Amino acid sequence: MKINLYLLRLNYRNSTNMKKIFIYIFLCLLLAQCSKEEIVVEPEIAKQAESVMTGDFSVEISSTDKDIYLKWYPVKNAKSYEIIVNDTMTVYDKIDKNEYLDYYDYRLKNLKPNTDYKVTVRAISEDLNVKLVSGKTRTMKSFIDQVINIELDKYDYRLGEFMFFGKTKDGGYMAIGYYEILGDYYKVALKMNSAYNIEWTCSIPEPDSKEQPNLNMFEISNGDYILTTEKTVIRISKNGTLLWKKSINDQELEFSTTSVLLPDENIILGGYAWKELDNEGHGSDCFYLVKVSPDGNIIWKKYVDIPNKLGVAKSLVDIIYNETTRTLLCCGWSTDNDCSLIQLDAEGNLLNKLKYEYPKDQVNTFIKILPSSDGNYYLIGNAYVVKIDNKGSVIWEQKGRDNGEWLYASAILCNMINDNSLLVVSYVDLSYEAKVVDVNGNIIKKVPFNFPRGMYAGQDPIGRYVYVTRSGSIIFINPDGYISQ
């Protein structure tokens, strides 16, 4: 009986071992068959932020706006390599390693900017075993996203240069340039829609000077446009018809350098004039204001009596109206490089005067006053940017030099942009640089570029910087785009 039980147990163990052996042989045959076919299990996709794709081996991946760069080290037993883009039939299979490098590198060219791409690298052995790695990346935005050229040839204008570019209330734009006929210069205004297509042009027939220190445009309540020049006021209808052009016949006014539209739609032109102090020819240069009605008639004109140090020849640079206090803020400069801020009431009477002193080796001129989003003001100079409160007290200032670098060397353009930051375009070392400054005075972005001389800098609704050259090129810049070296 004991012998029979022992034999029974032995037979059971043998049968169990035979089953295990049979399963093992079956799995080995199955794996051997699979090793000759492509792996069908999708590997983990690398995230956009990752620089290495992982799978059966590793591949470093990086991109520019139109290229993707791949780098990997030789895979054991691999005879050749293939690269597949977006799971299509686009296969790159002629991939050779530089004999002086211990790795492979490959560049995918002529891709679309700001686009997602799936890239698969396959390492193939001589017996057709395949190892692969796959991942996704996104090409960068191009630095120059778009360029639109304002063409006037079809309007029979031999355009010289544009001198003004600004936004209109309907979301469009107004550009003002000059054209030449037999040595005389004439102005032309162009109204464009939001897509920068020209809707109409208006030529101002009387010849004028080529350069205009006070070329500005205002839009009034009925849709008409009022243009100001150094000693001229021009009104154009909303449909582009020239209504009138009137000269400011004032011998005392040398020329106006700035202008501002008041809530009652009257306009104040500001400039400088020589004020006689006695009959012996003694006098001084002063701020000079002229108030003009929407019909171009002079309402009043007056000197602004300020000390010499606060205003000398060509000193009044910009003027804005504060609707809260109903006052005018004027900025200017003096010959000893000090800058001045003048506060006036709406009738041009002096309320307050301030002076900002700077090192004599740094020529600083305030070129613009802009209101900040928190109710204060920016004074933008060619070497300094100053933030002041309503009383003119300095909140902060960005000095002209920081560790030897000009922060605002020769600032030429400035504007408020979408997030209430300040955009300043400066001329630095024979090229240009756009800087973005937040409300606390921190420089949060620097974007160098090398375009021709500009007349406007701003930002469009989708975040691109807009830079308009005097030759009429509207350049759209992705501030985080790829800049080729």
Side-chain angles (χ1 to χ4, degrees), residues 47-49 62-68 86 110-118 136-151 162 164-176 190-199 217 219 368 370-374 378 380 385 411-426 431-440 442-484:
K47 297 179 181 179
Q48 180 181 344
S62 61
S63 62
T64 64
D65 57 339
K66 297 179 181 179
D67 303 299
I68 293 177
N86 288 342
N110 302 320
L111 305 176
K112 293 181 180 180
N114 199 29
T115 302
D116 288 320
Y117 286 94
K118 179 183 176 183
K136 285 185 178 179
T137 190
R138 186 177 185 87
T139 51
M140 300 174 65
K141 297 177 181 178
S142 293
F143 179 65
I144 300 177
D145 191 60
Q146 184 183 7
V147 178
I148 298 175
N149 293 310
I150 305 174
E151 302 289 347
F162 285 100
F164 174 87
F165 187 91
K167 293 182 178 180
T168 55
K169 292 179 180 178
D170 62 357
Y173 303 88
M174 176 78 75
I176 304 171
L190 296 80
K191 173 65 175 68
M192 292 175 282
N193 60 19
S194 58
Y196 302 93
N197 298 314
I198 297 175
E199 296 181 329
M217 178 273 297
E219 189 172 355
K368 195 73 176 174
L370 288 174
S372 64
S373 59
D374 54 7
Y378 296 111
I380 296 94
V385 171
I412 56 170
L413 299 170
C414 55
N415 213 334
M416 303 303 299
I417 56 177
N418 300 348
D419 61 353
N420 294 319
S421 297
L422 176 65
L423 174 65
V424 180
V425 175
S426 303
S431 62
Y432 294 95
E433 188 172 55
K435 299 181 181 68
V436 180
V437 184
D438 66 16
V439 294
N440 297 315
N442 302 308
I443 298 177
I444 56 179
K445 187 177 289 292
K446 292 183 181 181
V447 181
F449 60 90
N450 193 13
F451 301 139
R453 186 181 180 188
M455 59 175 173
Y456 174 86
Q459 190 174 35
D460 69 3
I462 62 174
R464 300 179 300 181
Y465 295 163
V466 182
Y467 183 82
V468 184
T469 70
R470 290 202 167 198
S471 61
S473 294
I474 306 172
I475 305 172
F476 299 88
I477 301 171
N478 285 314
D480 55 349
Y482 175 75
I483 304 176
S484 60

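Keep in mind that this is a model prediction, so the values were computed, not measured.
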Query raised in the report: So, for Asn415 and Gly458, which heavy atoms are closest and what is the spacing to 0.1 Å?
Result: ND2-CA, 4.2 Å
**Report entry** Residue pair Arg453 / Tyr432: nearest heavy atoms and the distance that separates them
**Finding:** CA-OH, 3.5 Å
Query raised in the report: Taking atom CD of Glu199 and atom CG of Asn193, what is their separation to the nearest 0.5 Å?
Result: 5.0 Å
Query - Side-chain heavy atoms of Val468 within contact of Val466, under 4.5 Å - result: yes
Report summary line: Sorted by chain and number, sequence neighbours left out, side-chain hydrogen bond (donor to acceptor under 3.5 Å, both in side chains) with Asn420 holds for none
Query raised in the report: Can you check ring pair (Phe, Tyr, Trp, His ring centres under 6.0 Å) on Phe449 and Tyr467, steps first, answer last?
Result: CA-CA 11 Å; Phe449 60 90; Tyr467 183 82; 5.0 Å; yes
Query raised in the report: Between Val385, Leu370, Val437, which is the residue that forms a side chain to side chain contact (heavy atoms under 4.5 Å, CB included) with Cys414?
Result: Leu370
Query - Side-chain touch Ile475/Gln146, heavy atoms, less than 4.5 angstrom - result: no
Requested in this report: Apply the test side-chain contact (heavy atoms from CB on, under 4.5 Å) to residues Ser473 and Ile148: give CA-CA distance (whole Å), side-chain angles for both, the deciding distance (0.1 Å), then the verdict.
Outcome: CA-CA 6 Å; Ser473 294; Ile148 298 175; over 6 Å; no
Report summary line: CE of Met140 to OG of Ser63, rounded to nearest 0.5 Å, is 7.0 Å
Report summary line: Checking Thr115, Asp65, Asp480 against Lys141 for side chain to side chain contact (heavy atoms under 4.5 Å, CB included), the one that qualifies is Asp480
Query raised in the report: If you look at every heavy atom in Met217 and Thr168, which pair is closest and at what distance?
Result: CE-CG2, 4.1 Å
**Report entry** side-chain hydrogen bond (donor to acceptor under 3.5 Å, both in side chains) evaluation trace for Ser421 with Asp438
**Finding:** CA-CA 5 Å; Ser421 297; Asp438 66 16; over 6 Å; no
Query raised in the report: Mind checking whether Glu433 and Lys446 have side chains closer than 4.5 Å, heavy atoms only?
Result: yes
**Report entry** Pairwise distance OG(Ser471) to CG(Asn149) - rounded to 0.5 angstrom
**Finding:** 7.0 Å
Query raised in the report: Do Pro461 and Asn418 touch side chain to side chain, with heavy atoms closer than 4.5 Å?
Result: no
**Report entry** Flag side-chain contact, heavy atom, 4.5 Å: Asn86 against Tyr117
**Finding:** yes
Report task. Determine whether Leu422 and Val436 make a side-chain contact, defined as any pair of heavy atoms from C-beta on separated by less than 4.5 Å. Result -> no
Query raised in the report: Measuring from Asn110:CG to Asp67:CG, what's the distance to the nearest 0.5 Å?
Result: 7.5 Å
Query - Side-chain heavy-atom pair Phe165, Ile474 within 4.5 angstrom cut-off - result: yes
Requested in this report: Measure up the Phe143 and Phe451 rings against each other and bin them: parallel (under 30°), tilted (30 to 60°), perpendicular (over 60°).
Outcome: parallel
Query raised in the report: Does a side-chain heavy-atom distance below 4.5 Å link Lys368 with Tyr378?
Result: no
Query raised in the report: Could you state the interatomic distance from NZ (Lys169) to CD (Glu219), rounded to the nearest 0.5 Å?
Result: 5.5 Å
Report summary line: So CG of Asp145 and CG of Asn478: to nearest 0.5 Å the spacing works out to 4.5 Å
Requested in this report: Show the numbers, then the answer: is there a ring pair (Phe, Tyr, Trp, His ring centres under 6.0 Å) between Phe476 and Tyr465?
Outcome: CA-CA 6 Å; Phe476 299 88; Tyr465 295 163; over 10 Å; no
**Report entry** Verdict with supporting geometry, Tyr456 and Leu413, side-chain contact (heavy atoms from CB on, under 4.5 Å)
**Finding:** CA-CA 6 Å; Tyr456 174 86; Leu413 299 170; 5.6 Å; no
Query raised in the report: Closest heavy-atom contact between Lys66 and Ser142?
Result: CE-OG, 4.3 Å
Query raised in the report: If you look at every heavy atom in Ala434 and Leu423, which pair is closest and at what distance?
Result: CB-CD1, 3.9 Å
Query raised in the report: Is Lys191 salt-bridged to Asp170, cutoff N-O under 4.0 Å?
Result: yes
